[in-house]
Each structure stands twice: as structure tokens, then as C-alpha cells.
Amino acid sequence: MELKEKILTYFEGKVVRKDLASIVKGNLPVPTYVVEYLLAQYCALDDEQLIAEGIEKVKEIIRNNYVNRAEAEKIKSRIREQDSYRVIDKVNVELNDRSQNQYEADFANLGIKKIPISDAVVRSNPKLLSGNGVWSILKVRYDHSDVAKVRWVIEDIKPIQIAHVNLEEFLDQRKHFTSDEWIDLLVQTIGIKPETLNRRGKLIQISRLLPHIENNFNFMELGPKGTGKSHIFQELSPHGVLVSGGDVTSARLFVKHSGNKELIGLVGYWDVVAWDEYEHQSGKRVDPVMVDTMQNYLANKSFNRGKAPHEASASMAFIGNTKHTVPYMLKNAHLFESIPDAFIKGAFLDRIHLYIPGWEVRVLKKSSFSDGFGFITDYLAEVLHELRKQDYSTIMSEYVKFDGSLSERDHNAIRKTFSGLMKLIYPDKVITRVEAFELIDFATEGRKRVKDQLYIIDETFKAEPARFCYTILSTGEEVHIETLENLNNPSHKVRLEQSDKRPDVQEPMIQESSSVTSSEVKSERKRIELEPAVKNVSIRENQTGVSYKSLFGSYLKGATLITIEDPYIRLPYQIRNFLEFLSLIAEQKEMEDEVNVHLVTWNSEDRTPDSIDAFDEIKESVGEVGINLTYEFKDFHDRKITTNNGWEIILGRGLDIFEPRRGYSIEDLMQERRKCKAFTVTYLKG
């Protein structure tokens with residue numbers, strides 16, 4: 001069964017085609033979950049005619065009922081003429097405890113203020129009091145009577161969010177999907193085409209959901225503009241609120257004093273408070289009291305801004321733009337360099353549970369957005385809200401034991417990230433050993449990224465350095481975790497050599513072992529040696545700094561007969577990779593020497609003529625530089641390179657080790673700049 005068919009079969013009525021929201025909303029400043037709430041009622045099936053009719057119906061509802069500020073007077077006139085009318089607007093409620101002793105509502109777009117609203121409605125929808133407003137469908141009546149003190153009357157209000165989900169049904173339906181399919185479903189729900197991302201890219205996208213599914217989760221993402229950082233926090237859930245990082249005050253965030261009363265701020269009403277544009281802004285002053293209060297809240301889930309301490313479960317997400325490239329930051333500053341100076345304190349940053357590498361996310365283009373089916377965002381938001389009540393962190397202890405040098409905050413950060421990823425991807429708790437280690441490594445790397453920078457920012461952290469390694473309980477093997485940016489920048493000394501006392505600490509590039517047997521999980525990674533030797537190496541997904549020359553150059557020297565067995569030299573980019581491999585051979589040999597290269601590959605019957613044309617063209621070209629190319633087609637699966645100077649090189653992925661490039665890029669000319677797929681290479685002496 002195809003993924004699309006599975007989605008529609010097992011989650012009928014709970015999914016929607018993800019491109020419909022943008023078709024309907026156009027340039028209207030209304031969250032996606034508002035539009036999808038309406039689409040779910042008319043367009044939740046895979047029938048083009050019904051979808052077309054549903055789109056028109058939703059457009060009509062938005063056209064007639066959504067309040068655009070520019071047409072507010074027209075809507076007010078319509079309410080007056082028709083006596084009552086339904087509108088879609090953002091509503092905020094405050095208590096007037098002075099003259100009227102009643103709750104009063106303000107309409108963000110309609111512009112009417114201080115409209116009485118019943119106590120019962122407010123008790124049922126406490127987020128109306130949060131100060132940030134709640135999107136709602138309201139029936140508003142106009143009072144024509146001469147004695148009316150307020151002309152506008154709220155007859156009915158329905159916040160736009162699903163009231164209840166069947167969590168057991170959701171968990172049960174998960175079993176029908178493989179982990180790859182489920183991850184693709186989540187990525188499509190976010191609104192991104194899964195086929196534009198590799199596995200690591202998908203995990204990074206999904207990790208943006210962690211603050212929605214984990215209580216008191218402290219999350220940070222810094223990266224280039226245009227990568228969709230704020231989308232998930234602004235558009236996905238009615239349980240999250242996005243605020244401008246430059247406009248947050250302690251009163252708005254925690255407690256506002258009104259006379260003798262303490263009014264709880266945003267953390268008391270929302271699952272997630274996301275700080276948008278969380279970077280240093282010239283002329284903006286950060287309240288030091290707020291920083292201290294925030295620091296205490298991130299650590300203890302509580303704050304004290306008045307008579308007594310308060311507790312809350314809201315997660316904090318800090319998202320902002322970087323100013324420089326990663327190599328520049330590693331060499332000249334640190335990876336927190338772009339955030340406000342007031343927050344660049346070791347005690348504050350040590351509270352961050354996960355720092356995801358936003359610089360690895362590609363800038364979103366029109367082709368990046370999904371047109372497949374994903375969960376209605378409001379439905380997923382309610383599922384995430386319900387799963388916040390559960391803790392999956394104990395599952396990790398079944399697999400590993402972390403080094404004792406890690407602080408309790410390190411342990412807690414890794415546990416919470418692992419728990420959140422489990423709830424997102426394996427909510428039914430059915431997970432394989434390899435899948436579990438994937439989550440453990442991702443969680444550990446995200447915390448290590450924080451700790452590495454703390455050693456640079458605050459010298460006191462070097463007094464008790466943490467070794468980010470764990471012991472696999474089933475085998476006793478010790479595994480060390482490294483961040484990808486350190487692997488990608490081997491010349492970067494990070495100033496970590498002084499903080500990590502291991503004698504072999506170097507800026508590693510690849511995993512290498514003296515054994516020819518590859519392991520399921522990663523062990524210590526060391527810099528690749530230039531001299532050929534029997535060994536096994538492993539490259540991580542998205543790793544850079546790798547080239548055919550660094551992998552194979554020294555093994556090809558002196559060889560006059562090279563046989564390449566790779567069934568996947570078919571697609572245009574794979575054939576270009578093969579040509580680059582031949583150019584390496586030409587570079588390694590003496591100009592006057594000749595090298596015989598034999599290629600064994602495969603293609604489908606209808607595409608074989610295309611391959612023959614390409615190989616014949618290459619054969620003629622490389623013949624001019626002393627390479628005699630021959631080729632044959634054979635249906636097989638193993639991938640290796642054999643040379644007559646005594647080496648057999650086993651290729652996990654063949655020559656197809658680089659992520660396909662898109663458009664025009666410097667990566668076309670520099671292999672070291674390309675992101676890699678995950679692969680292993682084993683070198684054997686023949």
C-alpha cells in the first residue's frame with residue numbers, strides 16, 4: 001500500500017492535502033491551523049471534484065466572515081444591517097475590575113473593544129485571557145435599542161481548535177506505518193516535501209516539534225533566514241504563541257501586577273512560547289530582571305515575581321538568524337554569537353536542552369513545499385498536547401549508560417530530547433535497536449553543541465569537562481559522540497582540547513577502525529590517514545570535507561588496472577560522479593602512463609541505451625588522457641573497487657556518496673563542499 005493510500009485509509013477525516021491552505025489563504029495574515037480547521041470540514045478526501053468544491057466553500061466562508069482590517073467598517077455595517085452575523089477574528093479578553101466588574105473582549109481586526117463576555121465562556125476558554133488573543137468563530141449581534149450601553153453583543157464564540165482527540169486510536173494506527181513512512185507523514189504535515197530532505201534533514205525538521213510535545217523543553221535554533229524556523233511556532237498549533245524577541249517583557253511573560261492582583265503571563269496559558277527574531281538588535285535593551293527570571297524558570301519550571309512562586313509547563317523556543325557562516329563562528333567567536341549579549345551567559349545557556357543546527361536547513365523555495373497529505377495541523381496539535389503528559393525517557397536506559405562526567409543538566413537534556421523524539425516518531429513505543437541509537441545520538445549531539453560553546457563562553461565550565469560518550473549495555477562498547485560541524489571543520493581546534501582530557505581528542509573527520517567489520521553504531525572518529533592501510537571508515541549523513549581523493553587517492557596510485565563494480569551508475573548525477581572518479585585516476589597517474597578501467601554496472605532495459613551513449617562519450621573523452629575505459633551491464637548488488645596494486649575496496653553506497661545538487665552551486669566544482677549520504681568504506685589488502 002502506498003503512503004498516500006495508508007494515510008487516507010487509517011486517518012480518514014484527520015488529514016488534508018497540505019498545499020490547499022496556501023491556495024485558500026493567499027496573503028491573508030491568518031494562521032494555517034485556522035484555514036485547515038475549515039478545510040477539514042470540506043476537503044478531507046482525495047476526490048478532486050469534492051476538493052475543488054470544498055475550496056470554493058472555504059474561500060466563500062473566509063471571504064464573507066474573515067475580518068480583514070481594511071474592510072472592518074464594511075463588516076460592522078453588515079452586522080448592523082443583518083442584526084447578527086458570524087465573523088472570524090482574533091479575540092482577547094481582559095477583566096474590567098474597576099467600573100463594570102466584568103470580562104470584556106477586544107476584536108483584533110474588527111476593531112471593536114470592551115465588549116462584555118460571559119464568565120462561563122471565559123472559564124471554558126481561559127486562553128482568551130492570555131493577552132495574545134485566540135482565533136475564534138463568533139456570532140455577533142447589534143443592539144438597536146435606545147437604552148443599550150454597548151451596541152455589540154457576543155451571542156456565541158467557538159475558539160478554532162479541536163476539542164478532543166482519541167489518543168489510543170492514534171497510537172494504534174501508528175503500527176500500519178514503517179518508521180520512514182511515519183517520518184515522511186510528519187514532514188508532510190509540517191508542509192515540506194520529504195523527498196527534498198535526507199534522513200538527518202527530516203529529523204531536524206521534526207525536532208522543531210519537540211517543544212510542543214515535551215513540557216518545559218528549552219529549545220534553540222539559529223540559522224540563515226528563510227529556512228522556516230518560525231513557521232512551526234506561528235502556524236502549527238493553537239497551543240503555541242510566537243512573540244517578537246525584542247518586545248518580550250517580564251510582565252508579559254510571567255506575572256503582571258494589577259493593583260493587588262497578580263495576572264499570570266504567557267507561560268501560564270500556552271504549551272510553547274517561541275521567541276522569534278531572537279538575535280541581537282541594535283538599540284534594543286534587554287531587561288536584566290527578565291533574564292534572571294527566565295534563567296530560574298528554564299531550570300526549575302517556576303518563577304517568583306510577587307507574593308509567591310508560580311509554576312508552569314510552557315516550553316521555551318528561541319529562534320533567530322545567524323550573521324556569519326559556521327566556520328567563521330567557530331574560528332572567531334562561538335555558535336551563540338548572534339543572540340542578545342544579555343543572554344550570552346553560561347548559567348543561562350546551560351539550561352538549553354537542544355540546539356539544532358539551523359545552518360543545515362536549506363532555504364525554502366516554492367518547490368520545497370508539500371502537496372501531499374498530512375495531518376490537519378489542529379489534530380496533530382491536540383495529539384502533541386495530550387502526549388505532553390507522558391514520559392518516554394526511561395526507554396533510553398534500556399540501551400545505554402552515559403559517562404559519569406556528564407552533569408545532571410546534560411543527562412536531563414538528553415533524556416527529554418530522546419523522550420520527545422520517541423513520542424513523535426515511535427509513540428507506540430515499538431522501536432528497533434538501530435532506531436533507538438539514532439535518537440540517542442541525535443539527542444546527545446544537540447546537547448553537546450550547547451556544552452562545546454559553553455567552554456568558550458564561560459571558562460568555569462572547563463573545570464569539570466563532560467565526555468559525551470556512552471556504553472552500550474548489550475555489548476560493553478564505548479561510543480563517543482561528536483557534532484557534525486566539528487567533523488566538517490577539522491582545522492577548528494574549538495578550544496576544546498583544553499576542556500576534554502582524552503589524549504586522542506582531535507577534530508576528527510571520519511570514523512575509522514582497525515577491524516574490517518563495520519559496527520551498527522558509531523565509535524570514536526579520527527582523522528583519515530593519507531597512507532593506505534587496512535581499515536574501515538564511516539561517514540555521517542550531511543558530513544562535508546569528503547572527496548574521492550581523500551577516500552581513494554592513495555589506494556589508486558600505481559594501479560594500471562582498476563575494476564569498478566557499482567550497479568547504480570545510471571542517473572545523470574551518478575554518471576557525473578563516475579566521470580569525477582575517472583578524473584581522479586587521471587590526476588593520480590603519470591601523464592605518459594595508461595590505466596585500464598573496467599566498469600560493471602546495471603540499468604533497466606529501456607534506459608540501457610541512454611547509459612551506453614553516456615559511457616561511449618566518456619570513453620572517448622578520457623581516452624585522450626590515457627584512460628582506457630571498458631564497461632559491461634550485469635544484474636548484481638555488491639559494490640566494490642578492485643585494483644591490480646593489491647587493494648579491494650568495499651563500497652557501502654558505491655560511488656553515489658554525495659547528496660544530489662540542485663541548481664548552480666560551488667559544490668559542483670568542490671567535492672569537499674558537498675553534503676554526504678551516510679556510508680561506509682572497507683579497505684582490504686588483496
Side-chain angles (χ1 to χ4, degrees), residues 510 512 514-518 528-539 546-603 607-658 671-672 676 679-686:
I510 65 173
E512 175 187 325
S514 57
S515 169
V516 298
T517 304
S518 61
I528 190 171
E529 297 176 2
L530 296 178
E531 293 301 318
V534 174
K535 60 187 173 185
N536 181 73
V537 301
S538 178
I539 300 297
V546 179
S547 67
Y548 286 157
K549 185 173 183 178
S550 67
L551 291 173
F552 310 120
S554 59
Y555 294 86
L556 300 177
K557 286 182 178 179
T560 57
L561 174 60
I562 301 171
T563 301
I564 304 145
E565 298 178 52
D566 186 345
Y568 291 98
I569 300 181
R570 312 176 181 183
L571 301 175
Y573 82 90
Q574 294 169 335
I575 294 174
R576 285 196 297 272
N577 285 345
F578 174 61
L579 181 57
E580 291 180 353
F581 183 80
L582 294 177
S583 71
L584 171 64
I585 296 174
E587 179 185 332
Q588 296 294 98
K589 75 177 189 66
E590 297 295 334
M591 185 178 298
E592 63 275 11
D593 292 343
E594 290 190 351
V595 177
N596 297 311
V597 177
H598 184 63
L599 171 66
V600 184
T601 189
W602 181 243
N603 207 339
R607 299 297 300 274
T608 298
D610 294 336
S611 292
I612 292 174
D613 289 342
F615 294 146
D616 283 346
E617 189 174 341
I618 291 173
K619 179 178 180 178
E620 181 180 353
S621 174
V622 299
E624 298 176 2
V625 294
I627 297 177
N628 302 317
L629 174 64
T630 57
Y631 59 88
E632 65 175 295
F633 296 96
K634 183 172 70 173
D635 191 359
F636 69 108
H637 298 286
D638 294 340
R639 308 171 206 185
K640 64 180 180 179
I641 298 172
T642 308
T643 68
N644 67 346
N645 64 352
W647 287 102
E648 182 175 80
I649 306 171
I650 310 301
L651 307 173
R653 295 196 65 99
L655 295 179
D656 189 11
I657 65 173
F658 302 114
Q671 287 187 341
E672 293 83 356
C676 289
F679 68 92
T680 59
V681 182
T682 301
Y683 303 87
L684 301 175
K685 192 68 176 176

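Quick caveat: nothing in here was measured; it's all calculated off a predicted structure. For the single chain, residues carry numbers from 1 onward in sequence order.
Between the side chain of Q588 and the backbone N or O of G553, at least one donor-acceptor pair lies under 3.5 Å. In terms of modelled atom types and a separation under 3.5 Å, the side chain of Y548 and the main chain of L655 share a donor-acceptor contact. Listed for the K549 side chain is no donor-acceptor partner under 3.5 Å among the backbone atoms of Q671. Proximity of a side-chain donor or acceptor of Y555 to a complementary backbone N or O of A533 within less than 3.5 Å is detected.
S611 pairs by the side-chain contact (heavy atoms from CB on, under 4.5 Å) definition with N603, F615, F633, not counting sequence neighbours. Under the rule for a ring pair (Phe, Tyr, Trp, His ring centres under 6.0 Å), F578 has no partner lying at least two apart in sequence or in another chain. W602 meets the ring pair (Phe, Tyr, Trp, His ring centres under 6.0 Å) test with no other residue; sequence neighbours excluded. D638 pairs by the side-chain contact (heavy atoms from CB on, under 4.5 Å) definition with nothing, not counting sequence neighbours. Considering only residues two or more places apart in sequence or on other chains, T560 meets the side-chain hydrogen bond (donor to acceptor under 3.5 Å, both in side chains) condition with N644.
Using a 4.5 Å heavy-atom threshold, the side chains of F581 and I569 count as separate. Taking 4.5 Å as the limit, every side-chain heavy atom of V534 sits out of range of all side-chain heavy atoms of Y683. A heavy-atom distance below 4.5 Å is not found between the side chains of I539 and I657.
Looking at every heavy atom in both residues, A559 comes nearest to T643 through CB-CB, 4.0 Å. Taking every heavy atom of both residues into account, E648 and I650 meet most closely at OE1-CD1, 3.8 Å. The nearest pair of heavy atoms linking D566 to R639 is OD1-CD, 4.1 Å. Considering all non-hydrogen atoms of both residues, S547 and F658 come closest at CA-CZ, 4.3 Å.
With hydrogens and angles left out, the side-chain atoms of T682 and N536 include a donor and acceptor closer than 3.5 Å. Residues Y573 and D656 bring a donor and an acceptor atom of their side chains to less than 3.5 Å of each other.
Counting only residues at least two apart or on different chains, the side-chain hydrogen bond (donor to acceptor under 3.5 Å, both in side chains) pairs with a member in residues 613-624 are D616-Y631.
Taken from CZ in R570 to OG1 in T601, the straight-line distance is 6.5 Å, to the nearest 0.5 Å.
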